[in-house]
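Every value quoted in this text rests on a predicted model; they were computed, and no experiment measured them. Just so you know, ligand 1 is whichever comes first in the structure, and atom 1 is the first atom listed for that ligand.
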Amino acid sequence: MPILAAAAPDEASGIVTNVVDGDTFDLRIDKTDPRIIYEIERVRLADVDSPEMSTPDGPPAKVFATDILLGKKVWLDIDDKSRDGRDPYGRLIAVVYLEDRDGTINTTHPFNRLLVDAGHAVVKDFTNNEFDPATWWEEGIPQPELSPVPEISTTTAKSGQFVGSLESDKYHYPSCRWAKKILPQNEIWFSSSQDARAAGYVPCGVCKPP
Ligand SMILES: [Ca+2]
Ligand SMILES: [Ca+2]
Ligand SMILES: [Zn+2]
């Protein structure tokens, strides 16, 4: 096993000003780092890959990332192994952390993981960076048969995607005001209402999903 640098989720922070696609966004820097040179930096999530925007699964991944990230404060663990922490396109390579409601950094569910859990990205472990995606899950990287990715890819773009909370039994359209109150780490996504109901969830009375 290679020796990996300890996770450092607080190397930099900022407010997300623009979401490019599922795995790329722009950040207005708040807490800076010697590797940061711009007021607004483009960030590429480390070791995950979202569908390109030109494919059917691209836009839903962007919607997911936008719902969670846009306008929010996030923290970065910037790659210590890449030159200046950047990829060949000049984007900062990072594991991205959200804040809990009390303002502490949620270190257990980085956004990189949330994106994979929601089926909007696959793990692609580049070995030339400091990160090991297996550490994002208690049981290691989810195996393909457990991954929702193949399921999502069989649905058409934007259809049949609902969100619930691990702390309630309701499921919602992502646009529902109650859905927006669900903490990212509590979100559970369903590719269809059948899936939601099979998991024991019932439709929200406000947004009334099918
Ligand atoms: Ca780092
Ligand atoms: Ca890696
Ligand atoms: Zn709702």
Side-chain angles (χ1 to χ4, degrees), residues 1-14 23-24 27 29-37 41 43-50 63-64 67-68 74-88 91-98 105-107 110-113 115-116 121-137 140-142 158 160-184 186-193 195-197 199-210:
M1 282 290 289
I3 296 170
L4 295 160
D10 58 350
E11 289 176 339
S13 70
D23 56 32
T24 309
L27 191 67
I29 299 301
D30 175 12
K31 177 182 189 276
T32 193
D33 178 276
R35 292 164 289 190
I36 286 174
I37 52 179
E41 287 277 6
V43 176
R44 173 63 163 86
L45 298 179
D47 287 345
V48 296
D49 206 15
S50 274
V63 167
F64 177 82
D67 280 349
I68 291 183
V74 299
W75 293 81
L76 306 183
D77 183 350
I78 301 168
D79 181 32
D80 295 344
K81 285 194 180 173
S82 301
R83 183 181 166 85
D84 298 325
R86 293 169 193 274
D87 69 9
R91 305 176 294 191
L92 291 171
I93 303 166
V95 176
V96 173
Y97 295 90
L98 299 155
I105 302 174
N106 181 321
T107 55
F111 182 69
N112 306 50
R113 167 188 167 160
L115 200 60
V116 173
V122 293
V123 172
K124 196 169 173 184
D125 184 13
F126 285 84
T127 54
N128 61 348
N129 62 31
E130 69 162 294
F131 307 112
D132 178 4
T135 63
W136 302 339
W137 287 271
I141 296 169
K158 287 194 172 184
Q161 292 192 39
F162 304 104
V163 63
S165 168
L166 293 173
E167 296 184 337
S168 95
D169 62 353
K170 303 290 194 298
Y171 68 92
H172 311 263
Y173 284 110
S175 57
C176 176
R177 62 188 160 94
W178 291 106
K180 292 182 196 297
K181 292 182 193 291
I182 299 170
L183 292 176
N186 287 338
E187 286 179 358
I188 175 168
W189 287 79
F190 304 104
S191 58
S192 68
S193 55
D195 285 359
R197 288 166 194 255
Y201 282 72
V202 297
C204 164
V206 175
C207 62
K208 298 187 170 60

CG on Leu92 to CG on Leu27, rounded to 0.5 Å: 8.5 Å
Counting backbone and side chain alike, does Ile78 bring an N/O/S atom below 3.0 Å of the Ca ion (ligand 1)? yes
Assess Thr127: does it contribute an N, O or S atom lying under 3.0 Å from the Ca ion (ligand 2)? no
Report the name of the N/O/S atom of Asp77 located nearest to the Ca ion (ligand 1). OD1
Please work out the angle at the Ca ion (ligand 2) defined by atom OD1 of Asp125 on one side and atom OD2 of Asp47 on the other, rounded to 10°. 90°
When you measure from the Ca ion (ligand 1) to each N, O or S atom of Glu130, which atom gives the shortest distance? OE2
To the nearest 10 degrees, how large is the angle at the Zn ion (ligand 3) between Cys207 SG and His172 ND1? 120°
d(Asn186 CG, Lys181 NZ) to nearest 0.5 Å is 14.5 Å
I'd like to know: is the Ca ion (ligand 1) within the 3.0 Å range of an N/O/S atom from Asp79, strictly under that distance? no
Please name the residue in the list Asp84, Asp80, Asp77 that meets the salt bridge (charged side-chain N to carboxylate O under 4.0 Å, His left out) test with Arg35. Asp80
Tell me whether Lys124 at atom NZ has more than 12 heavy atoms from other residues, nucleotides or ligands lying less than 6.0 Å away. no
The Ca ion (ligand 1) - closest N/O/S atom in Asp80: OD1
Between the side chains of Arg86 and Glu41, is the shortest nitrogen-to-carboxylate-oxygen separation below 4.0 Å, so that they form an ion pair? yes
With a cut-off of 3.0 Å, does Phe126 place any N/O/S atom under that distance from the Ca ion (ligand 2)? yes
Any N, O or S atom of Phe131 closer than 3.0 Å to the Ca ion (ligand 2): yes
Going through the checks in order, is the side-chain hydrogen bond (donor to acceptor under 3.5 Å, both in side chains) test met by Asp47 and Asn112? CA-CA 8 Å; Asp47 287 345; Asn112 306 50; over 6 Å; no
Value rounded to 0.5 Å, distance of CD1 in Ile93 from CG in Asp87: 5.0 Å
